[in-house]
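Everything on this sheet refers to the single structure shown next.
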Amino acid sequence: MKEITEALGLSADTIRYYERIGVLPSIPRNHAGNRVFDQTTVDWLIFIQNLKTAGLSLSGIIQYVTLAQKGDGTIQERKQILLEQRQQTEARIMRLQQTLQAINQKIEHYDQVITPVEAKNK
């Protein structure tokens, strides 16, 4: 668990919580009952982080995971969730790019104002 939490930047409590509420499919356990993080589990954790970063709610992620656990018959539904999230993510990126452009313009303005003032003070 420690290696996974450090590698992915997630706390053990978060991973346990994700498993408990269904955000993460059940993690396999060894004979002693300890979680065994196979590559599939790690891939799920990374994908969940990506979905969260994209803005998908935990309930949306649970819906996606539930569909995935039902098998290939739900591929179209899962694809639709991802298509909708992609559209929302692209819209957010556009807003962020506009915000960045406005900030950069303000910085350029300040550079133009500050430079003459600094030259006068020398």
Side-chain angles (χ1 to χ4, degrees):
M1 175 81 82
K2 184 178 178 184
E3 292 173 8
I4 296 300
T5 60
E6 288 175 0
L8 299 180
L10 293 170
S11 70
D13 287 339
T14 298
I15 293 172
R16 285 191 285 271
Y17 175 70
Y18 282 177
E19 186 180 20
R20 188 173 72 247
I21 67 169
V23 170
L24 179 65
S26 294
I27 301 172
R29 295 178 182 262
N30 64 17
H31 65 282
N34 298 321
R35 289 172 178 84
V36 177
F37 290 90
D38 58 9
Q39 190 58 50
T40 300
T41 303
V42 172
D43 291 345
W44 267 112
L45 284 166
I46 292 168
F47 188 60
I48 289 165
Q49 284 183 298
N50 287 333
L51 292 175
K52 281 192 66 182
T53 299
L56 191 60
S57 66
L58 287 180
S59 63
I61 296 171
I62 291 169
Q63 178 186 9
Y64 183 91
V65 170
T66 301
L67 290 170
Q69 290 175 322
K70 290 181 180 178
D72 288 348
T74 65
I75 287 175
Q76 190 58 42
E77 292 170 88
R78 288 181 276 155
K79 180 181 176 185
Q80 189 59 41
I81 291 170
L82 296 177
L83 288 170
E84 290 170 10
Q85 193 57 49
R86 179 175 68 182
Q87 183 179 13
Q88 292 174 18
T89 302
E90 288 172 343
R92 189 175 18 221
I93 289 169
M94 285 179 57
R95 288 191 304 273
L96 286 170
Q97 287 173 331
Q98 292 168 348
T99 300
L100 180 60
Q101 183 179 5
I103 290 170
N104 285 336
Q105 287 173 346
K106 188 57 86 172
I107 290 169
E108 288 174 22
H109 169 73
Y110 290 151
D111 285 345
Q112 292 171 1
V113 171
I114 291 170
T115 303
V117 171
E118 287 176 349
K120 266 187 194 179
N121 292 334
K122 286 186 180 179

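Quantities reported herein were computed from a predicted structural model and do not represent experimental measurements.
Between the Q88 side chain and the G55 main chain, no donor and acceptor come within less than 3.5 Å of each other. T74 places no side-chain N or O within 3.5 Å of a backbone atom of E77 that could act as its donor or acceptor partner.
For the atom pair CG of D72 and NZ of K70, the computed distance is 14.0 Å after rounding to the nearest 0.5 Å. Within the model, atoms OH of Y18 and CD1 of I27 stand 12.0 Å from one another, a figure rounded to the nearest 0.5 Å. Note that the OH atom of Y17 and the CG atom of L10 stand 13.5 Å from one another [nearest 0.5 Å]. Between the CZ atom of R16 and the CE atom of M1 there is a distance of 5.0 Å, given to the nearest 0.5 Å. Here the CD atom belonging to Q105 is positioned 10.0 Å from the CG atom belonging to L100, to the nearest 0.5 angstrom.
Tested against V23, the residues I48, V65, L51 include a single side-chain contact (heavy atoms from CB on, under 4.5 Å) partner, I48.
Between P25 and Q69, the shortest heavy-atom contact is CB-NE2, 3.3 Å.
Aromatic ring pairs are classed by plane angle as parallel below 30°, tilted from 30° to 60° and perpendicular above 60°; the pair W44 and Y64 is perpendicular.
Using modelled atom types, one finds a donor on one side chain and an acceptor on the other under 3.5 Å when comparing Q80 with E84. Side-chain atoms of N50 and T53 form no donor-acceptor pair, as typed in the model, at a separation below 3.5 Å. Defined by atom type and a distance below 3.5 Å, a donor-acceptor pair is present between the side-chain atoms of D43 and Q39.
Between T41 and I4 there is no side-chain heavy-atom pair separated by less than 4.5 Å.
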